[in-house]
Amino acid sequence: MSGTRDFNHHEVEQKWKDHWERTNLYQTKIDTSKPKYYVLDMFPYPSGAGLHVGHPLGYIASDIFSRYKTQKGFNVLHPMGFDAFGLPAEQYAIKTGVHPAKSTAKNIEQYIRQLSNLGFNYDWSNAVNTSDPEYYKWTQWIFIQLFEHYYDLEQDKAMPIADLKLHLSTSGTAGLHASCGEEMELSQDDWNNMSLAQKDQVLMNYRLAYRKVSYVNWCEELGTVLANDEVINGRSERGNHPVEKKAMKQWSLRITAYAERLLSSLDHLEWSDALKAMQRNWIGKSQGAQVFFDIENDTRKIEIFTTRPDTIFGATFMVLAPEHDYVADLTTDDQSDEIQKYLEYVGSRSERERMSETKVVSGAFTGSYAIHPITGNKIPIWIAEYVLKDYGTGAIMAVPSDDDRDQAFAEKFQIPIISVVDKTDFPDAENHDKLGTMINSDFLNGLSVKDAIERMIKELESLKIGKRKLNYRLRDANYSRQRYWGEPFPICYTPDGETIALDIENLPLELPELDDFKPASGAQSPLSRAKDWIKTSEGYDRETDTMPGFAGSSWYFLRYMDAKNPNEFASQEAINYWQEVDLYIGGTEHAVGHLMYSRFWHKFLFDKGLVPTDEPFKKLVNQGMIQGVIESLSLKQNKTDGRHHFVSAELRNEGEEYLNIPILIDYVSDYGLPSSSLSRAGIESFAAWMPDYDKAIFEDASGHHSIGKPDDMLTMTTISEVGKMSKSKYNVVNPDHVVAKYGADCFRMYEMFLGPIEQSKPWDTNGIDGVSKFLRKLWSLFYTEEKLQISDIEPSAEEYKILHITIDKVDNYIQKLAFNTAVSSFMICVNELKKLNCNKRLILEPLLKLLAPFAPFITEELWEALGHKESIHLSTYPIYDESKTKSSTVEYPVSINGKKRASITVDANASKDDIQSVAMQQEAVQKWIEGKEIRKVIVVPGRMINIVV
RNA sequence: GCCGAUGUGGUGGAAUUGGUAGACACGUUGGAUUCAAAAUCCAAUGUCAGCAAUGACGUGAGGGUUCGAGUCCCUCCAUCGGUACCA
């Protein structure tokens, strides 16, 4: 092929990649002479499986958009980096002994190589890596700021803890309006007489980063804490071992302090309504009342939150979360066995199961009673899994007449039900609808539900047993992980019981070197093994937990603005120039978690005056997911002779329960097809890869088999389901071979051509030839018979029309991020130009500029061939000229009763009446209206004609 | 369970936002070119009936609004994402 001028993507891509790098084409600097535009991608976790075909979907879109913005005259920041702390690297380290920093560095290198192959315009000099101490120094620093602040509800912003201490020492909690864990009443003497440890406890109730008791899924056999995701039916997904809830002191972030602001500022963001709805629901604001119930033979009170204070006369029992602090004390001797048994059961249940399995109710009676605050009646106190510790107060008043779950519970345990709302006027209303008239409710009788709620709240307030309250479903974020590969907490504990943060000079606090990355005994973090590291020179103990994945990703977009700054997380000059992210593209899987945490951190930094905007992401687009096929083996729920037992998919039977264990797709034959299966070699690779199962029984049509026994035949059919392409599902497809075969331009355009950016779709390469043909056809407009043949003569009106229609369409489509239809428009344009054998410079040059954001390599090559010295990516965008696309006639469809029967062509300026009379004269129309009465004729200028007969 | 999204030919998808359903591609079939293949080009291609003209049906299912519904409303089904320690 060499020597000819066929399009050779290998040569062309290498040539321009080198050239762009040498000339620093994509270097981004502050330039106040131009308007700025900040395009952000959600940065990837650099997994060992490498970049997969799903990642680039959003990256290609943002690359196209940022190149487009550059051509439109903006100074564009379009950075990339790595969310480099995380579990997979740690698990890999446990398995292989390779230090996570090492494997992560290697993976990052691979990602950078793969991303560069796709021709993205990232400026790698401002890349970030969240696991780099120079980066996490600032993650730790922001954490310390959170630790050193509380939320003042009167000023509606974060304020220094020093102010709080001053307030407490001069007036106690009087006049203090601060977001806190539990309401406290302290006098100034109370505070001043406290020990350091007691003061520390009090402050933890207010700090934005604080320590409290939380629960984790602990798996004794694996010796590790598990995500809810990894717990199935109370057992570990890996290895099928029992899992229990374990209470531990852990760090949390008081995101709830920002709940109202996180909710209200959503209104001003250019995010999809769906995404805003998800965030609103996650925050889950509800209005209601806080009520205190006395306990029989106890001085304490049970605090509950209810949105239905009107139904209080129907409260016939109370339910505490099984983890509620009072449970142990309220359990009577008679009931202790039953409660104990129930707590064990709940311990094995994941939170997801507790919320989703609403049909089966379960619970246990504590033996104690509460006193109904209005009627004075004794009502039993139960515990049940449907009440969650971290939602509201972890306790409810149960009203079986007006709540479905309370009702099911009362029916099961034969607790009285008192009807308190008459809904006969609203036959379609459900239990939870706030409709009806109060009955059996003393002074509320006859009031509507709405009025009764108001009346009751006033009553509660005057009796001083409750008050109006807003509640949020949003919970404080658990911020501790018992893991190695995360940011160490810059926190020490003194022998006096004080918790103190490191000074900035001592940051970053780097991870200690370890050779064993498994968690230590008792669910302790691996860091607890680093004895020398834990003790500071002052004799303090360091915190041994590490921060979660969302720590580094909650502020990374700010670091890009000034990625190398050693003195600040970013200079004020850079932050004030780049301001906020103008366009953020990323997956819906981050719709609540990451986006909520980032907004929270950003608002905190805004309160501190460190960023100029209250919100970080002005416009946000969710890209759909490129899905893969998840292949899994069926594992019998019950072991056979103490061994794991897998069955081939066709041997699954109705009565038995199975776990689907996802397997690496590389081991699977006929991947993605119904016949997908594991051969003997596949099984052996699988067992070597997951040693938990190397003793397992594998049952196929021919009987039972084991690893190590030389059976000839063994074929385990796998279950194939469409799902997200993810390292945890082991179904990652790598883009490298597609790029090698078709070239980066083709890969980029094909991913865009697959469909709308927001939509999810399974990966396949079926249509890629069409895009490849398009690029070759484009090339052939320039090169015929191996020679560049370009004409400088004036194009025809028809050629101009094709060009300008395309400019108009593509420009609009890019603004709407409708890249799939933009690609179609290019295809139509090139097809039409090819028909005319157009080789006019005045047509082809603007076309190249238009296409440059999509196919940066081929357009740069042709641009150079046309004699240009400066990169096409610095050229200005073509301007649409409407006069070139005007047409003198319009074609109208003519419908009879809404069905198209004919079409007519009329002058573009024809009047309604003219159009109608032309339409009526049509032969086809005459045929259809013959002998029928014409009831109505609708003429929509520029659109259509409909005749109703 | 709850929250959000999606559903259109054999396949990916388009449809100016209530106005010609299936653009643009893939695939398939037939033809041209070729010693042959690749590549390229031309034609056909929603389903059913028909030689054809043409007609009937057709946007997950069922109802509704409208001169007109893929698009709006109601009910249902299926699939995907999230559900707080995967990131």
Side-chain angles (χ1 to χ4, degrees), chain A residues 42-45 47 83 85-88 216-217 224-231 255 272-275 277-282 284 351-359 386 390 405 474-478 480-483 548-550 553 587-594 596-597 622 624-625 627 721-724 726-729 750 753-756 758-762 764-771 773-774 776-777 780 809 812 818 820-821 823-828 831 891-903 935-938 940 942-949:
Chain A
M42 284 187 186
F43 63 165
Y45 174 80
S47 120
D83 191 9
F85 275 131
L87 217 41
V216 295
N217 300 310
T224 188
V225 175
L226 298 174
N228 279 335
D229 217 43
E230 301 171 298
V231 183
I255 188 172
S272 71
D273 289 340
L275 184 54
M278 277 192 262
Q279 291 235 330
R280 284 193 190 101
N281 291 327
W282 183 263
E351 196 169 304
R352 188 122 10 117
E353 288 163 348
R354 286 174 59 171
M355 285 187 295
S356 57
E357 291 166 23
T358 51
K359 283 179 190 120
Y386 76 89
D390 289 321
R405 283 172 311 179
L474 182 72
R475 309 203 294 250
D476 281 348
N478 182 345
S480 282
R481 299 292 182 267
Q482 292 70 44
R483 306 285 184 192
F550 69 81
S553 60
T588 39
E589 67 270 30
H590 302 285
V592 278
H594 159 63
M596 196 65 82
Y597 299 130
N622 279 129
M625 211 161 306
Q627 291 157 330
E721 327 159 79
V722 169
K724 77 174 181 178
S726 141
K727 56 196 173 291
S728 65
K729 302 292 182 203
Y750 178 61
F753 189 57
L754 272 177
E758 306 87 355
Q759 231 160 70
S760 294
K761 50 237 150 194
D764 74 78
T765 50
N766 279 341
I768 199 165
D769 279 338
V771 177
K773 277 183 203 164
F774 158 78
R776 275 174 289 172
K777 208 177 223 177
S780 75
K809 283 202 286 190
N812 281 313
N820 55 327
T821 46
V823 174
S824 296
S825 310
F826 281 121
M827 287 174 168
I828 293 166
N831 286 346
E891 199 184 311
Y892 283 91
V894 184
S895 298
I896 318 292
N897 287 344
K899 281 239 169 259
K900 187 203 162 195
R901 298 297 179 188
S903 81
R935 295 240 305 264
K936 203 172 183 181
V937 178
I938 293 144
V940 184
R943 287 257 185 276
M944 46 68 69
I945 297 140
N946 190 19
I947 301 163
V948 186
V949 298

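- For A:Asn831, the side chain to side chain donor-acceptor pair (under 3.5 Å) partners two or more places apart in sequence, or in a different chain, are A:Lys777.
- Legend: residues meeting ring-ring contact (aromatic ring centres under 6.0 Å, His included) with A:Tyr386, ordered by chain and number and at least two apart, are A:Phe409.
- You'll find that the side chain of A:Pro893 is closest to B:U20, out of B:C57, B:C41, B:U20.
- Under the side chain to side chain donor-acceptor pair (under 3.5 Å) criterion, A:Asp476 pairs with A:Tyr210, A:Thr256, not counting sequence neighbours.
- Rounded to whole Å, the P atom of B:G81 lies 46 Å from the corresponding atom of B:G31.
- Here A:Ser553 lies out of heavy-atom contact (under 4.0 Å) with every strand.
- Not counting sequence neighbours, the partners of A:Arg280 by the salt bridge (charged side-chain N to carboxylate O under 4.0 Å, His left out) test are A:Asp267.
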### Query
Using Watson-Crick and G-U wobble pairs with both distances under 3.5 Å, what is the 5'-to-3' dot-bracket string of RNA chain B, with [ ] for crossing pairs and | for pairs outside the strand?
(((((((..(((......[....)))((((((.......))))))((((....))))..(((((..]....))))))))))))....
Do any N or O atoms of the protein come closer than 3.5 Å to N or O atoms of nucleotides 66-70 of chain B, and which pairs are they?
from: B:C67; atom 1: O2'; to: A:Asn946; atom 2: ND2; distance (Å): 3.4
from: B:C67; atom 1: O2; to: A:Asn946; atom 2: ND2; distance (Å): 2.6

### Task
Quick one, give me the B/S/- string for nucleotides 78-83 of chain B, reading 5' to 3', where B means a protein heavy atom under 4.0 Å from the base and S means that only happens at the primed atoms, P, OP1 or OP2.
--SBSB
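- Closest to the side chain of A:Arg481, out of B:C85, B:G13, B:U20, is B:C85.
- Legend: residues meeting ring-ring contact (aromatic ring centres under 6.0 Å, His included) with A:Phe550, ordered by chain and number and at least two apart, are A:Tyr479, A:Tyr597.
- At the heavy-atom level, A:Asp764 lies nowhere under 4.0 Å from the strands shown.
- A:Asn217 is linked by a side chain to side chain donor-acceptor pair (under 3.5 Å) to A:Asn228, counting only residues two or more places apart in sequence or in another chain.
- Under 3.5 Å, the side chain of A:Gln482 and the base of B:C85 form at least one donor-acceptor pair of N or O atoms.
- By the ring-ring contact (aromatic ring centres under 6.0 Å, His included) test, A:Phe753 is found to be paired with no residue, residues two or more places apart in sequence or in another chain being considered.
- Distance noted for atom C1' between B:G27 and B:G64: 39 Å (whole Å).
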Short heteroatom pairs, N/O only, protein and nucleotides 26-29 of chain B, under 3.5 Å:
from: B:C26; atom 1: OP1; to: A:Lys773; atom 2: NZ; distance (Å): 2.9
from: B:C26; atom 1: O2'; to: A:Asn766; atom 2: O; distance (Å): 2.5

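- Comparing A:Asn820 and A:Glu891, the nucleotide of RNA chain B nearest to each residue sits closer to the 5' end for A:Asn820.
- Every residue two or more places apart in sequence or in another chain that forms a ring-ring contact (aromatic ring centres under 6.0 Å, His included) with A:Phe826 is listed here: A:Phe854.
- Nearest nucleotide to the A:Asp83 side chain, out of B:A87, B:C41, B:G4: B:A87.
- Between B:U16 and B:C67, the two P atoms lie 22 Å apart (nearest whole Å).
- The A:Phe753 side chain lies nearest to B:A25 when the options are B:A25, B:U20, B:U40.
- Nucleotides B:C85 and B:G12, compared at atom P, are 36 Å apart to the nearest Å.
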